Structure formats: C-alpha cells, structure tokens
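Contents: one structure, followed by commentary.
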Amino acid sequence: MVSMAVDHVIETIVSALQKEATLLVGIKYELDEIRKELVSMKSFLQDAARKQVMSKGEETWVAEVRDIAHQIEDLIDEYMYYVYRKQYSTVVHRIFRTPKSLLEKHKIASKLRQINKNIIGMDERRKRFGNDRIEGSNDHYDSPLYPRDLAVFVKEDDVVGFVDESRLLKTWLMDNKKHQTLIAVVGMGGSGKTTIIAKTYNNETVKSYFDCYAWITVSQTYTRDDLLRKLIKECHGSRKEQVPNDLCSKGFKDLVEFLMGYLKHKAYLVVLDDVWDISLWENIKASLPNNQFGSRIIFTTRNADVGSFSSDVRTHKLTINPLKKEEAWDLFCMKAFLHYPDKSCPKELKPLALELVKKCDGLPLAIVALGGLMCSKKSTSEWSSVRDNLNWQLNNNPRLEIVKSILLLSFNYLPSPLEYCFLYCCLFPEDYKVRRKRVIRLWIAEGFVQNVERATPLEVAESYFMELTLRSMLQVESRNACGRPNACKMHDLLREIGISILEREKFGVVYDGKVKINEYQLHQARRISIQTNDGDLQLSGNMSYLRSLLVFVDCSVSFSKTSLSNLKLMRSLDLENVAIDVLPEELGTLFNLRYLNLRGTQVAKLPKSIRKLGNLESLDIRETNVKELPSEVAELQNLYHLTMLSKKIANTDFGDFLLCSGVQVPFEISKLKKLQVLYYIEAKSNIIRQLRSMTQLRRMGISNLREADEHDLCSSIQNLKLLRTLRLCVNNEAEFLPMDALETPPPQLQNLSLGGKLKRVPHWFHSLQNLTVLWLHWSRLKEDLLPQVAALPNLGCLYLINSFVGESLHFYSGFDKLKELLLVNFPQLKGIIIEKGVMPDIQKLWIDSCFALNAVPQGIEFLINLQTLWLSNFSSRLIDVESIDHSKLQHIPNVKIMEHRGELPQTQTHKILIKESLCPYSNNLK
C-alpha cells in the first residue's frame with residue numbers, strides 16, 4: 001500500500017510537470033527533487049510490501065513515508081487550487097490579491113523544500129539504524145495454518161456441494177482422449193478450487209488412468225528450476241521410485257531433458273495449484289511432452305487470464321461459482337453445530353446463523369472458518385457480538401486469520417495501480433451493484449489511472465476494471481451484449497478486509513453507523529462514504545483533506561458557504577439519488593473538482609458559478625429536473641462526459657410511445673472540444689449542425705428530432721467516425737425519424753437505438769458489422785426487417801418495440817451471436833416461426849403485449865441454449881395456457897407465462913423466474 005501511495009504521488013508529480021508546467025512556476029525544481037528521492041526509495045518499499053511481519057522500526061519508517069506522500073499530494077493540489085482561484089477572480093481582486101498569492105506560493109515551495117529534507121533525513125536514519133534492507137517475504141506457504149497442502153488429504157465425504165463440477169472434471173480426466181489436455185480451474189481465493197481438485201485427485205479410479213502423477217503448489221515467487229525439481233520428485237514418489245541423487249545440481253536444460261525422457265512413454269497427471277503467473281505454462285511446457293498417451297495438466301488460479309491458454313493442445317476451463325444457499329447452509333451447520341443432534345441449528349440461533357452465512361456469500365473457506373468459530377458459542381448474545389463486529393473478528397480472531405490471509409493474497413498480488421482502484425470500490429455499500437462506467441470515472445477523477453501511451457484514460461481505466469474482475473476481486477453482476485461487465489459487486493468478507501486496509505492506510509472512511517467515527521477521523525479523511533441516515537447530514541467543520549464525498553442514503557444534504565470553502569481539494573462529489581434540490585453558488589469554489597454526479601436528485605438548476613470548475617471532467621444530471629444547461633457550461637473545457645436524460649426510463653409500460661426528453665443547450669456545444677459522451681441533448685437545428693465538428697464523440701443521444709432535421713442530422717452523424725453508441729428519438733409518435741439521407745453509419749458503431757417511425761428499413765443496416773445492440777422503438781415498419789439484420793456478425797441483443805406491423809415474423813437464418821431477443825407491442829403479429837439452426841446461442845426471449853399472437857413461437861424447441869422465456873400481457877382468448885405444448889419448453893430452466901402483468905396462471909408448472917420488475921427489459925435502456 002505504501003509503495004502504491006508513493007507510486008501515486010510520483011505519477012501525480014510527473015503528470016503535473018507535463019500538463020501544468022506553465023502553472024508550476026516557483027515549485028517545479030522542488031517537485032522534481034522530491035520525485036528523484038521517492039524513486040530511489042521505491043525498491044525498499046516494494047520489499048516492505050512483500051513482507052508479512054515487519055519490525056517496529058520498519059513499520060514506523062513505512063508509515064512516515066505514507067504520510068509524506070499524502071503531504072506532497074496535498075501541497076500539489078493546494079497549489080493548483082490557488083492558481084485556479086486566481087484565474088477566476090476579478091481584475092480588481094487580482095491586483096489586490098497578488099501579494100497574497102505570491103506569499104501562498106512561497107509558503108508551499110518552502111514546505112516542499114522541507115519535505116525533501118525530511119525524506120533525505122528519513123532515508124539516512126533508516127540506514128543508520130540498520131533498516132537499510134528488509135528481510136523476509138510474503139510467501140504464504142511458510143504459514144503452518146495454510147490449508148492448501150492439507151487439502152490433498154481431504155476425505156470425499158467431507159466435501160459439500162460441487163457435485164456437477166466434480167463430475168465434469170472426472171469426465172475430462174477419464175474421457176480416453178489421447179491428446180494432452182490442459183484444464184484451468186478458476187475462482188476467487190477460498191472458493192474451493194483446491195478442495196475440488198483434491199477430491200478428484202485422490203480418487204483411485206482416476207489415478208488408475210495414469211502411470212504417474214504430481215501435485216505442486218506454486219508460490220507467487222516460484223523459480224522455474226525448483227518447480228521442475230518438485231515435479232520430478234512427485235512423479236518418482238507416485239511410482240515409489242528412487243529420486244535421482246544429483247537433482248539439486250542439475251540446471252534448467254538438464255532438468256527439462258530429464259523430465260521429457262522420464263515422461264516420454266507415460267500418461268501423467270500434473271496438478272499445478274494456485275498459479276498466479278500468466279506465463280507459467282510457457283515456462284514449463286517444454287518439459288511436459290505431448291506424447292499422445294492421454295496426459296492431463298490441471299491449473300488452479302484466481303486469475304481468469306492464467307486460464308486462457310494460447311496453445312496447440314486441447315483445453316478446458318472450469319469456473320468455480322459460490323456454493324448455493326442450501327449447500328452453504330449445510331456446510332455451515334456441519335461445522336457450527338457439530339455437537340447438536342443431527343448437526344441442526346437451534347431455533348433461537350437460526351436468524352443470526354443465516355446472517356453470518358449470507359456474509360460468507362457462498363465462499364467455502366469462510367463458511368468453514370466462521371462455522372468453526374461459532375461452534376463454541378452457545379448464547380444469542382455471543383452470536384450477536386460476532387455478527388455486529390465481524391470486521392474486528394476478521395482482523396483479530398486467530399480462528400479467522402486464515403480467511404483474512406487467503407483473501408489478502410489476492411490484494412497483495414495486485415499490480416500497484418489497481419490497489420487504490422480496489423480500495424475505492426470498498427467505499428460502496430455492502431451488496432451494492434457498482435456500475436462500471438460510474439466507478440471508472442471516479443478512478444480517473446482521483447488520478448488513479450496511469451498515463452499509457454496511445455491509450456485514453458477511459459481505455460486504461462476499463463482495463464483496470466476488467467483486471468479486477470478477472471482476478472475475482474470484483475464479482476460480475478451483469479454483462480452487456482459484448483460480454484463486458486455492466487455492473488459488479490464485492491464479496492462481503494473481501495470488502496470488510498478492504499475497509500480495514502483503507503482505514504489503516506488513511507485512504508478513506510466508511511461512515512455506516514457500525515463503528516463510531518470521531519471528529520478527528522472525519523477531519524483527516526481523504527475520502528468519506530456516507531451509508532447511514534442519521535437525520536440530515538450537515539457538512540461543516542474543517543475537511544480540507546477530503547478528495548471524495550460519496551453519499552449512498554436518501555438523506556437531505558446541505559452545503560453552507562463555509563463547508564464548501566473547506567473542501568478546496570475535493571475531486572469527486574457523488575450525490576446520486578440524494579434528497580437535494582438546490583446547489584449553492586459557492587459550488588464554484590471547488591476548483592479542483594473533476595467529477596460531479598447529481599443523478600436522481602431533485603436539482604432543477606445548475607448555478608452559474610459552475611463556469612469556475614475548469615477541471616470538471618464528468619457531469620451527470622440524468623433523471624434530475626434540469627431542463628436547460630446554463631451557458632456557463634461552455635467554459636468547462638476539460639469536460640469529457642455529459643449525461644442529462646431528464647426523463648427516468650424505468651419500469652415503463654411500453655404500450656405507449658416513450659418520449660425521451662433531453663436537455664436544452666443554449667450555447668455552442670462544439671466549444672467543448674474534449675467531450676466524448678453527450679446524451680440526451682434536445683434537438684435544435686443549430687445544435688445538430690455543430691455536432692458535425694465534434695469528431696471526438698464516442699457516445700451520443702439526441703431527443704425531440706423532427707423530419708426536417710434529416711439533412712443536418714445525417715451529415716453530422718456521417719462525420720463522427722469514432723461514434724460507438726448512437727441513440728435518437730423523435731418528439732412524438734406521428735413524427736418520422738429522419739435516417740434515409742445517411743449514406744454510411746460510423747464504422748465502429750456498437751449500440752444503436754432508434755425511437756420513432758421509419759419509412760423503410762435503413763439501407764445501411766447491413767453495414768453495421770460491429771453492432772452488438774439494436775433498439776427499434778415504435779418504428780412501425782411495413783417491411784420485414786429481419787433479413788437486413790440476420791447476418792450482422794456481432795449482434796448480441798435485439799430489442800423490438802412496436803417496430804413491425806406485419807402478421808408474421810420468420811427467423812429463417814442467421815443471428816449467430818444473438819443472446820437476447822425482445823418483442824413488445826406487435827399489434828397484428830399472429831405467428832412467430834424459428835427455423836432450426838437460427839439463433840443457436842440465444843439465452844433470453846421476452847414476448848410482451850402481442851395480443852394477436854395465437855401460439856408460442858413455432859420452433860422454440862430448437863433453441864437449446866435458451867435459459868429464460870417470458871410471455872406476458874396477452875389475451876387469454878387467443879392463447880390458451882392449457883393448450884401450450886409444455887414438452888417443447890422442458891429444456892428452458894426459467895419460464896414465466898402471465899396473461900396480464902401481475903397475474904400468474906395457476907396451471908404453469910415450470911420454475912418461475914423471479915424478477916424485481918414486471919418489465920425485465922426496461923433496465924437495458926439505461
């Protein structure tokens with residue numbers, strides 16, 4: 001963590017020297033000198049980060065370095081605050097404040113010089129007292145508590161769950177295929193990967209398929225030669241053979257040749273447990289010959305990238321998901337109620353036990369450890385104490401130390417830039433679904449995203465997010481049509497450990513009412529997450545170190561002039577869904593603000609002082625009462641993200657035409673040269689023409705379009721070559737959407753939404769080769785559009801609402817990658833025909849408000865991968881539920897048939913898909 005703090009401040013200094021060089025007159029030399037000193041200290045800090053236990057002297061020195069890094073960051077931001085404040089003061093004020101500004105700059109320069117002296121002095125003290133070298137490592141295999149090696153001896157009867165996974169694994173191992181096969185078993189730390197493999201590895205029937213076998217636990221800092229020596233020893237041991245005496249003296253070449261010769265005519269099984277290095281297979285594959293004897297190599301890993309082999313051999317991937325609720329409960333009871341009759345939970349303890357099991361979120365390691373801890377506790381007061389103080393228990397109770405150490409490994413092995421990004425996610429509430437786009441904009445605003453040549457900050461931040469999901473640090477909750485995560489959440493216990501780290505490292509404070517936060521902590525906090533509603537929240541007092549304020553409760557937040565002036569270093573202000581309706585003019589004093597999220601608030605007007613927020617990069621006023629942007633927004637030259645859809649689209653009845661109401665822009669929108677995201681904007685002729693020059697746009701939405709806008713609209717779209725998302729809608733259901741004049745669409749277009757009547761299927765539909773999502777809303781086409789889109793190679797989601805007035809839809813070819821299909825409000829549609837081989841990968845099919853439809857789709861039995869079928873809001877006279885051929889639906893796990901929304905037919909015997917909303921597709925509009 002300290003190494004990351006230093007990395008972050010070095011990156012901040014370098015970025016400031018590059019981007020703000022002309023504004024740093026007077027402190028450039030001091031910053032560069034500090035940068036040099038910090039760079040020279042990095043190797044020592046990296047050694048410290050890898051060590052589990054440090055001496056008191058080492059701990060003190062590392063803490064001092066962290067505090068110094070924070071001080072430097074504060075001074076840089078404070079300096080920039082004074083620079084920006086001077087820029088936005090009046091001419092008279094500039095004249096009178098010049099001496100004061102010079103004095104402030106002089107003070108900051110002096111402080112930087114003193115910090116540099118302190119750094120040099122700290123380094124000299126470290127060497128003088130013998131702390132110039134940190135011994136030890138973070139090798140978790142030295143710990144006697146570590147259960148990984150013990151898992152090899154697990155009894156099959158002690159394993160709960162994972163029946164299907166074990167069966168599949170055995171099938172891959174014993175399928176009599178002669179090709180060498182690589183099997184990757186992927187899951188988060190403590191998910192049971194090792195236990196599942198051990199259960200199969202110990203099976204005598206499995207072992208009989210192989211001439212020799214080896215189980216190797218791979219450390220994070222493994223050496224290639226040692227790993228090969230262990231392989232040789234294990235293989236010899238499995239055959240009770242003598243291990244070569246000269247093994248320790250053999251080099252890499254000799255070891256490879258020896259293993260190749262030994263395994264040349266054998267079928268072997270090798271387990272490489274807990275692999276972290278993505279290049280491990282490339283390092284050892286030469287020693288494991290592909291001899292066509294049916295050999296198998298199994299990897300277990302927390303990183304999905306490790307399991308993505310680029311190889312000419314056969315591969316399989318097994319993802320280990322959390323235990324099901326019933327399985328988790330059985331495992332917990334087996335451990336916690338060991339001495340009770342039938343290992344059953346007493347009635348008075350069941351509510352508390354259920355809460356603790358929920359906290360484990362299906363993670364077997366946590367369930368076993370927590371169950372073992374509770375085994376000795378009998379009273380409800382003891383159980384309540386553990387539930388209410390689980391964070392303390394994780395950090396202080398030896399019985400849970402193993403859970404913390406296993407989960408911490410994933411954090412400790414994160415690349416430096418990802419540590420802060422992960423900790424920032426811990427500021428979101430428990431079980432909170434974190435939108436990908438929201439959190440990456442927050443990371444960028446905080447300065448966590450490093451500069452990468454030929455990549456935008458958004459692209460780099462996206463890669464960080466993907467890396468955290470691949471490493472199982474974030475759990476994917478939903479994905480878009482491309483397979484990219486839309487939202488994620490954190491495992492409860494991993495989040496609890498993260499909160500302990502962020503508080504210890506002075507990264508931030510979670511104010512949730514569970515632990516009392518004193519006034520000193522609030523005043524020193526760099527980030528505050530408000531998650532409790534204890535009356536109105538008054539931001540007052542000195543909070544001058546605060547970088548981020550995130551509020552997650554529906555409370556009333558008030559800002560005073562004094563409180564805002566104390567937030568001069570604020571970078572991110574996130575008030576989504578907070579009960580606030582007025583923003584004070586003093587908002588303009590937050591010169592360092594990069595991110596402002598007012599989504600879902602009652603704010604109706606942005607203050608004119610917003611023009612002073614020259615650093616603002618992201619502004620979200622979606623679902624607010626703002627109807628018009630103030631002209632001062634034109635001065636926000638660093639703004640790259642602007643979303644402002646004023647009408648909330650959620651749980652909407654699609655039976656009526658849905659009008660997307662954008663926001664009026666009474667200034668030249670083209671002045672915002674860095675803007676990449678712009679929607680929804682209300683259509684005006686002069687605005688549409690200006691869009692032509694905004695070639696940097698990636699996502700755009702326009703509302704209130706008219707047929708008369710056709711030429712200007714199509715001409716502008718034609719020029720936006722980087723556009724990936726385009727959403728257009730007319731101002732009323734009688735208006736035609738003007739799209740015929742568009743010659744060719746943007747070549748990288750991935751998401752297209754058209755709301756309004758279409759005269760014909762656009763002739764350019766066939767050229768949408770990168771399109772993954774297509775929305776057609778109230779198009780009311782007379783011609784069949786399916787032939788135009790069937791062959792689109794990447795189309796994953798097709799949403800059609802009142803888009804066709806014909807009587808039949810015939811899917812006779814194509815749709816090779818389609819995953820979701822939505823058909824709503826087709827007033828004349830009588831039949832749907834699906835030919836065999838069409839839509840081979842479809843998983844969700846929703847049909848709603850098609851009152852003339854007289855049967856379920858013909859050919860639905862061919863959709864063998866269909867997981868969800870939703871039929872709703874139809875006339876019972878036209879579809880007799882009793883007459884439905886249920887044999888054609890038996891392969892679909894989740895079927896829901898509703899004559900009218902809210903009414904469930906009594907005769908429906910299929911498993912019911914429970915949804916939060918009666919309109920399951922509405923959230924996809926967002």
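Quick note: numbers below take in every heavy atom, side chains included, and nothing from hydrogens, waters or symmetry partners. What you are looking at is a predicted structure, and each value in this text was computed from that prediction instead of being measured.
Using a cut-off of 4.0 Å between Lys/Arg side-chain N and Asp/Glu carboxylate O, Glu682 and Lys627 are scored as not salt-bridged. Ionic pairing of Asp32 and Lys36 is present here: one or more N-O contacts between side-chain nitrogen and carboxylate oxygen are shorter than 4.0 angstrom. For the pair Arg526 and Asp74, the salt-bridge criterion is met [side-chain N within less than 4.0 Å of a carboxylate O]. A salt bridge links Arg435 with Glu576: at least one charged nitrogen is closer than 4.0 Å to a carboxylate oxygen.
Checked against a 6.0 Å centroid threshold, the rings of Trp443 and Phe448 do not count as neighbours.
Of all the heavy atoms in Met694 and Leu720, the pair that sits closest is O-CD2, 3.2 Å. For Gly701 against Tyr679, the heavy-atom pair with the smallest separation is N-CB, 3.0 Å. Shown here for Glu78 and Leu569, the closest heavy-atom pair between the two residues is N-CD2, 3.6 Å.
Under 3.5 Å, the side chains of Asp574 and Tyr595 contain a donor-acceptor pair of N or O atoms. Using a 3.5 Å distance cut-off with no hydrogens or angles, the side chains of Asn303 and Thr301 do not pair a donor with an acceptor. Side-chain contact, Tyr799 with Glu820: a donor N or O sits under 3.5 Å from an acceptor N or O. Side chain to side chain, Ser472 and Arg302 fail the donor-acceptor criterion of an N or O pair below 3.5 Å. Side-chain polar atoms of Arg727 and Tyr680 form no donor-acceptor pair below 3.5 angstrom. Between the side chains of Lys674 and Asn638, at least one donor N or O lies within less than 3.5 Å of an accepting N or O. Side-chain contact check for Ser618 and Arg594: no donor-acceptor pair (N or O, by modelled atom type) lies under 3.5 Å. A side-chain donor-acceptor contact under 3.5 Å links Ser548 and Tyr424. Side-chain contact of His8 with Glu73: a donor-acceptor pair under 3.5 Å is present, judged by distance alone.
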_Walk me through whether Lys671 and Glu635 qualify under salt bridge (charged side-chain N to carboxylate O under 4.0 Å, His left out)._
CA-CA 8 Å; Lys671 288 183 177 181; Glu635 298 185 38; over 6 Å; no
*Stepwise salt bridge (charged side-chain N to carboxylate O under 4.0 Å, His left out) test for Arg547 and Glu446*: CA-CA 7 Å; Arg547 295 307 197 285; Glu446 281 274 3; 5.7 Å; no
*Quick one: do Leu771 and Phe765 satisfy side-chain contact (heavy atoms from CB on, under 4.5 Å)? Show the steps, please.*
CA-CA 10 Å; Leu771 197 71; Phe765 262 20; over 6 Å; no
*Can Asp77 and Arg571 be said to form a salt bridge (charged side-chain N to carboxylate O under 4.0 Å, His left out), step by step?*
CA-CA 10 Å; Asp77 283 350; Arg571 284 173 166 260; 3.4 Å; yes
_With side-chain hydrogen bond (donor to acceptor under 3.5 Å, both in side chains) as the criterion, how do Thr744 and Gln718 come out once you've worked through the C-alpha distance, each side chain's angles and the decisive distance to 0.1 Å?_
CA-CA 7 Å; Thr744 55; Gln718 190 87 25; 2.8 Å; yes
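Every salt bridge (charged side-chain N to carboxylate O under 4.0 Å, His left out) that Asp431 has, sequence neighbours left out, goes to Lys358, Lys489. Listed by chain and residue number, nothing satisfies the salt bridge (charged side-chain N to carboxylate O under 4.0 Å, His left out) test with Lys437 (two or more places apart in sequence, or in another chain).
Although no hydrogens or angles enter the test, the distance criterion places no donor-acceptor pair under 3.5 Å between the side chain of Arg698 and the main chain of Leu722. Put simply, the side chain of Asn751 never gets that close to the backbone of Thr772: no donor and acceptor are under 3.5 Å apart. Distance alone, capped at 3.5 Å, is enough to place a donor-acceptor pair between the Asn794 side chain and the Gln769 backbone. At least one donor-acceptor pair closer than 3.5 Å links the side chain of Gln696 to the backbone N or O of Lys673. In terms of modelled atom types and a separation under 3.5 Å, the side chain of Ser279 and the main chain of Glu282 share no donor-acceptor contact. In this structure, Thr601 contributes its side chain and Val578 its backbone to no donor-acceptor pair below 3.5 Å.
Ring geometry, Phe422 versus Phe411: the interplanar angle falls from 30° to 60°, so the pair is classed tilted. Phe591 and Tyr81 have tilted rings, their planes meeting at an angle from 30° to 60° on a 0 to 90° scale.
No more than 12 heavy atoms of other residues, nucleotides or ligands sit less than 6.0 Å from atom CD of Glu743.
Atom-to-atom distance recorded for Asn597:CG and Thr643:OG1 is 7.5 Å, nearest 0.5 angstrom.
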